[in-house]
Each structure stands twice: as structure tokens, then as C-alpha cells.
Amino acid sequence: MPADNNPQAIVKEIEHLFDSRGSSWYGGESISQLEHALQSAMFAEQEDASPEMIVAALLHDVGHLLHDLPEDIADEGIDDHHEVLGRRWLAKRFPQQVSTPVEMHVAAKRYLCAKDPAYLESLSPASKLSLELQKGIMSEEETRQFEASPDFERAIQLRRWDDRAKIVGLETPKLDHFMTYIAQACGAESN
Ligand code: FE
């Protein structure tokens, strides 16, 4: 179990991150980081996902809130590796059921592009641009390795919520609502 998993302290950290950084734009889309996070978490909750997966959905892009690079960094041809930053931050606070799907959510896009041409077409222009910076579409060998991961299904599920969570003006619960899942996710057993 991670060392720093005091739920109240984690809730405060998350509120602070979204208060200070959540109004920034979600790279190249017309919604904010906070709106994108809340929509992702709402879709997870609507599908009766586990507390760990709801927290993963809420915090899948926490890496974007942890660095000081410009919001339009992808336009400059630079990948911020937010999934790695996010995994490191989450792994100190939650079991791997939260941090691993977050680390894999970028690879999940590369996987789905390899498996489904319609998925590739459906990506927003910003997401297509970042795909190029994230090593592009997976090779067949890479897709086989990805499918072998015990977290494969969770990573794909998270990616589906992430891709849908770009709806301008969609009503969602507020951040407080999802904080009830933090303690539950902290207490989950690692496997
Ligand atoms: Fe996202």
C-alpha cells in the first residue's frame, strides 16, 4: 500500500490542484481540465465502475496539472508525458488499480487506433496531433503485448470515458461529489 495515503490530505491536494490549475484549457479542446475530469468521472460512475476506476477517470490527466509547460505545448511538437507524471503522483497515494490504467491511457489510444480505423477517424484534431507525438499507432507486436497486460481492459475503459469527456456545456456533479470515492480507492487492496 502506498505510504502517503491519508485520504483527507489527498482530497486537499486534489482540490488545490483543480483550484489552481483546473481552469486551464484541456489541450486544444473547448473545455477546461476540470470539466474534462468531471465528465470522465461522471461517465465512470454512470457505468457503475469501481471507486478506483472512478478516481482513475477523475485524475487520469492529473499529470497535466503537475507541470509548468504551456497549455498548447503539443502545438510546439512537444509531448509532456503526462501519463508518466500522473502515474508517479498517483502511485504514491493510491493502489495500482488507480495508477496503472492512468499510465496506460495514452498507450490505449495508440492501441485503439491500430485496431479500429473508425476510432482513429473519430479522434479530435488535438488528439490526432498528440498521437503523433506519442509514438503514433501501435505495431501488431505492441498490440499483442498491450493485450497481455492484466490492466488492459481497465486501460481501454478509461480511454473510452476520456474520449467522450469533451462535451462543451455538459452538466456534471461538482468535484466534492467525487471526493467520496477517494477514501474508498485509498483503502482498496493492491493486487
Ligand atoms: Fe484526458
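All ligand and atom numbering here is 1-based and tracks the order in the structure. Given the structure is predicted, the values throughout are model-derived calculations rather than measurements.
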Residues forming a side-chain hydrogen bond (donor to acceptor under 3.5 Å, both in side chains) with Thr180, sequence neighbours excluded
none

side-chain hydrogen bond (donor to acceptor under 3.5 Å, both in side chains) involving Arg164 - partner list, sequence neighbours excluded
Glu47

Modelled atom types, side-chain donor and acceptor of Lys166 and Ser30, under 3.5 Å
no

Members sharing Val106's hydrophobic cluster, built from side-chain contacts under 4.5 Å between Ile, Leu, Val, Met, Phe, Trp and Tyr, are none

Provide the protein N, O or S atoms situated under 2.8 Å from the Fe ion (ligand 1); waters are not included.
Tyr26 OH, His36 NE2, His60 NE2, Asp61 OD2, Asp162 OD1

Judged by atom type as modelled, is there a donor-acceptor pair below 3.5 Å linking the side chain of Arg110 to the main-chain atoms of Gly136?
yes

Sidechain-backbone polar pair: Asp61 side chain, His64 backbone, donor-acceptor under 3.5 Å:
no

